[in-house]
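Just so it is clear, the values below take in all heavy atoms, side chains as well, and ignore hydrogens, waters and symmetry mates. Residue numbering restarts at 1 for every chain, and letters A, B, ... go by the order of the sequence lines.
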2 protein chains.
Amino acid sequence: MKNSNFDYMNCSLAQTLSVIGEHWSLLIIRDVFMGLRRFSEFQKDLGIAKNILSERLKRLVAEGILEKTKGEAGFSEYRLTEKGLALQPVLLSMTHWGDQYKPAKKGKRLVFVDRASGKPIQRMAVRSHDGRKLHAKEVKAKRGSGYASERLDVPLAE
Amino acid sequence: MKNSNFDYMNCSLAQTLSVIGEHWSLLIIRDVFMGLRRFSEFQKDLGIAKNILSERLKRLVAEGILEKTKGEAGFSEYRLTEKGLALQPVLLSMTHWGDQYKPAKKGKRLVFVDRASGKPIQRMAVRSHDGRKLHAKEVKAKRGSGYASERLDVPLAE
DNA sequence: AACGATGGTTGCATAATAAAACCTTGTAGT
DNA sequence: ACTACAAGGTTTTATTATGCAACCATCGTT
């Protein structure tokens, strides 16, 4: 593929995909969320080629999603920045969708809980300003002030 | 790449990525959310190669995310199924992240509103069982009944 | 100083994507 | 009925990304 970057598109979704849309990026980020920290751990868990893993980690560090530090043992460690932690809704939305439409045979693979209470979190949902859950068709897109002229020909929702 | 499918991973996120993780899939789905329906509209809007667009549409139909119908004018149309509409939290989570960390110069590109009231929806957020917004570090993963033994060696959260 | 483990990099083979030409069907006009 | 044109693809060939295996540098230990 010529470019896996959608910067030109003036769309926040495309912008996000430019950063985390590559094949392995989200799985690496998931691994970091799950407590993995080291190159060899990612490599073993994902079965990814080392050169690709190396490039992806560099990219994620350059994007400010991960930070690379020397761990106590002298080895490199990768951790999530706030920018990286802010991707949790993306990962959980995708995980919930997978739970629902591509389920494991015997039930959920993972359950996410509030660390304090131990109780499961709510499913990710779109909510109105006053907190009601909205169905997809109840949501409409409107132009914001940052909307680019190139895309003015796109009809907004149905 | 040898396979862009992560089925073997027994992870709902990986399952989801197997379906929508390819380069253009989410952008096509976004276009359908935005009201585009036809092959030529996607092709023009995305600038994607026609053979790739063709394959992606087939894949999305086969996965039950889109359905292909003959529109009134006799042309093919693609629309979201319920399974496809259920991806809205994923798209909005990514869009919100892009809004925050890859902003347009002059403000948000798009604003999503409740169709009924016209008021903007809430930002996608992780919520506890009783509705409080949770920070990423307040969330912990636990094994569910569908957790596969191959991955029992993965530490769950920090 | 020798050795193994970690954390990479390099070079080559292979698979996925892009670009452009071509094909098929349906519709419209005459 | 015949021509023309557009939609919606498919096919062929070129380019780019990924995978694989071998290699290298650094650090800590013996």
Which pairs, protein N/O on one side and nucleotides 3-10 of chain D N/O on the other, fall under 3.5 Å?
residue : atom : partner : partner atom : Å
D/dG8   : OP1  : B/Ser76 : N            : 3.4
D/dG8   : OP1  : B/Ser76 : O            : 3.3
D/dG8   : OP2  : B/Ser40 : N            : 3.4
D/dG8   : OP2  : B/Ser40 : OG           : 3.2
D/dG9   : OP1  : B/Lys68 : NZ           : 2.8
D/dG9   : OP2  : B/Tyr78 : OH           : 2.7
D/dG9   : N7   : B/Lys50 : NZ           : 3.0
D/dG9   : O6   : B/Lys50 : NZ           : 2.5
D/dT10  : OP1  : B/Lys58 : NZ           : 3.0
D/dT10  : OP2  : B/Ser54 : OG           : 2.6
D/dT10  : OP2  : B/Lys58 : NZ           : 3.0

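Distance CD (A/Gln43) to P (D/dT18): 16 Å, rounded to an integer number of Å. The CD1-C1' distance, from A/Ile48 to D/dC20, rounds to 13 Å in whole Å. In this structure, A/Leu36 places its CG atom 14 Å from P of C/dT6, rounding to the nearest Å. Counting to the nearest Å, the C1' atom of D/dT18 and the NE2 atom of B/His23 are 10 Å from each other. Atom CG of B/Leu53 is separated from atom C1' of C/dA16 by 16 Å (rounded to the nearest Å). Here C/dA16 presents its C1' atom at 14 Å from CD of A/Glu22, a figure rounded to the nearest Å. Between the P atom of C/dT10 and the CD1 atom of A/Ile52 lies a distance of 14 Å, rounded to the nearest Å.
In terms of position on DNA chain C, the residue among B/Arg56 and B/Lys70 whose nearest nucleotide sits closer to the 5' end is B/Arg56.
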For residues 47-55 of chain B, tabulate all N or O donor-acceptor pairs below 3.5 Å that involve a side-chain atom, not counting sequence neighbours.
none

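The CH2 atom of A/Trp97 sits 16.0 Å away from the CG atom of A/Leu92 when rounded to the nearest 0.5 Å.
At a threshold of 4.0 Å, the pair A/Arg56-A/Glu22 counts as salt-bridged, since one of the basic side-chain nitrogens sits closer than that to a carboxylate oxygen.
With hydrogens and angles left out, the side-chain atoms of A/Arg132 and B/Gln122 include no donor and acceptor closer than 3.5 Å.
Members clustered with A/Val113: A/Val111, by chain and number, using a 4.5 Å side-chain heavy-atom cutoff among hydrophobic residues.
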Hey, mind stepping through B/Asp31 and B/Lys44 against salt bridge (Lys or Arg N to Asp or Glu O under 4.0 Å) and telling me if it holds? CA-CA 11 Å; B/Asp31 272 6; B/Lys44 181 183 172 195; over 6 Å; no
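Phosphate proximity of D/dT18 to A/Trp24: absent, as no side-chain N or O sits under 4.0 Å from OP1 or OP2.
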